[in-house]
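To keep things clear, I will list the structure first and then write my remarks on it.
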Amino acid sequence: AVVSTQSTGEGIKIPRTQPMIMTYSLDPEPPHRIRDTQLSYFLGGDYRYPSNGVPTPSNPAVRVDYWDDMVFYYRAFGGSPTPQKWAEAIANLLESVREAGYMAKVDMTKIMSVGFTSPGESQQRWEIWLRVRDES
């Protein structure tokens, strides 16, 4: 389950150490400009399935989504994320995927950035994710 809030109607607080996922929806054709963004928090664990009592968001603008299993190509990097670091990480990931011959498998309509540490911590971990198209 993925929810885009930190507090719920049941008074359950979602820690900021849960992976924060920023999804960028892109134009399907190059140059793949950003059309929309969505901020989410991955709940995982006890909240993976609806039957496990996923907390109800306290804000009506917040929703809980259930994602099917997915496969990603990703690149991790650390430090404070600057626009230059993001651009370098994306370029390096795309170059690696292209050199490996897998570019045709990438869904270029979405790119995700994922943060695994609380804001302000000195040791940050970030990842860029490219979703692999479902070939079923």
Side-chain angles (χ1 to χ4, degrees):
V2 177
V3 66
S4 54
T5 186
Q6 293 180 344
S7 181
T8 66
E10 292 87 8
I12 299 168
K13 293 237 181 226
I14 299 167
R16 289 292 302 263
T17 55
Q18 290 297 106
M20 179 188 73
I21 305 167
M22 195 68 175
T23 303
Y24 300 91
S25 298
L26 308 175
D27 286 330
E29 299 299 322
H32 303 295
R33 288 188 169 84
I34 296 173
R35 298 173 76 182
D36 190 30
T37 58
Q38 178 181 342
L39 172 63
S40 306
Y41 290 91
F42 177 73
L43 298 181
D46 293 340
Y47 303 118
R48 181 167 166 96
Y49 302 103
S51 61
N52 291 355
V54 172
T56 305
S58 55
N59 182 332
V62 173
R63 67 177 192 266
V64 175
D65 294 326
Y66 296 93
W67 294 356
D68 293 329
D69 290 340
M70 293 181 248
V71 176
F72 295 92
Y73 299 123
Y74 74 95
R75 175 158 310 256
F77 64 99
S80 297
T82 64
Q84 182 177 351
K85 281 188 179 181
W86 284 113
E88 288 172 3
I90 292 168
N92 289 338
L93 176 57
L94 287 169
E95 181 180 344
S96 295
V97 170
R98 192 174 296 112
E99 285 178 1
Y102 296 133
M103 218 38 220
K105 295 182 177 188
V106 173
D107 175 2
M108 285 301 296
T109 63
K110 292 196 187 304
I111 290 181
M112 297 172 163
S113 65
V114 185
F116 292 91
T117 48
S118 293
E121 287 189 24
S122 61
Q123 297 296 317
Q124 296 280 318
R125 178 184 170 91
W126 294 92
E127 291 180 0
I128 299 294
W129 292 1
L130 297 176
R131 185 176 175 185
V132 176
R133 287 191 191 116
D134 184 10
E135 296 182 14
S136 58

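Side chains are part of it too, since the values below use all heavy atoms of this structure and drop only hydrogens, waters and symmetry mates.
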Worksheet item: Which pairs with one or both residues in residues 75-85 pass salt bridge (Lys or Arg N to Asp or Glu O under 4.0 Å), sequence neighbours excluded?
Response: none

Item to complete: Begin with the C-alpha distance, continue with both residues' side-chain angles, and end with the deciding distance and a verdict on side chain to side chain contact (heavy atoms under 4.5 Å, CB included) for Ser96 and Tyr73.
Response: CA-CA 9 Å; Ser96 295; Tyr73 299 123; over 6 Å; no

Item to complete: Could you go through the side chain to side chain contact (heavy atoms under 4.5 Å, CB included) check for Arg131 and Val71 one step at a time?
Response: CA-CA 6 Å; Arg131 185 176 175 185; Val71 176; over 6 Å; no

Distance-only check: which donor-acceptor pairs under 3.5 Å involve side-chain atoms of residues 103-111, not counting sequence neighbours?
{"residue": "Asp107", "atom": "OD1", "partner": "Thr109", "partner atom": "N", "Å": "2.9"}
{"residue": "Asp107", "atom": "OD1", "partner": "Thr109", "partner atom": "OG1", "Å": "2.5"}
{"residue": "Asp107", "atom": "OD2", "partner": "Thr109", "partner atom": "OG1", "Å": "3.3"}
{"residue": "Lys110", "atom": "NZ", "partner": "Ser25", "partner atom": "OG", "Å": "3.2"}

Worksheet item: According to the salt bridge (Lys or Arg N to Asp or Glu O under 4.0 Å) rule, which pairs have a member within residues 25-41, sequence neighbours left out?
Response: Asp27-Arg35

Worksheet item: Tell me, do Leu94 and Leu130 make a side-chain contact under 4.5 Å, heavy atoms counted?
Response: yes

Item to complete: Show your working on side chain to side chain contact (heavy atoms under 4.5 Å, CB included) between Met112 and Phe72 and close with a plain yes or no.
Response: CA-CA 10 Å; Met112 297 172 163; Phe72 295 92; 3.7 Å; yes

Worksheet item: Relative to the ring of Phe116, is the ring of Trp129 parallel (under 30°), tilted (30 to 60°) or perpendicular (over 60°)?
Response: tilted

Discussion item. For Leu93 versus Ile128, what's the shortest heavy-atom pair and its separation?
Written reply: CD2-O, 3.5 Å

Discussion item. Rounded at 0.5 Å granularity, tell me how far CD1 in Ile21 sits from OG in Ser113.
Written reply: 9.5 Å

Discussion item. For the OH atom on Tyr74, are there more than 12 heavy atoms of other groups (residues, nucleotides or ligands in this structure) within a distance under 6.0 Å?
Written reply: no

Worksheet entry | Residues Trp126, Met20; criterion side chain to side chain contact (heavy atoms under 4.5 Å, CB included); working and verdict | CA-CA 10 Å; Trp126 294 92; Met20 179 188 73; 3.7 Å; yes

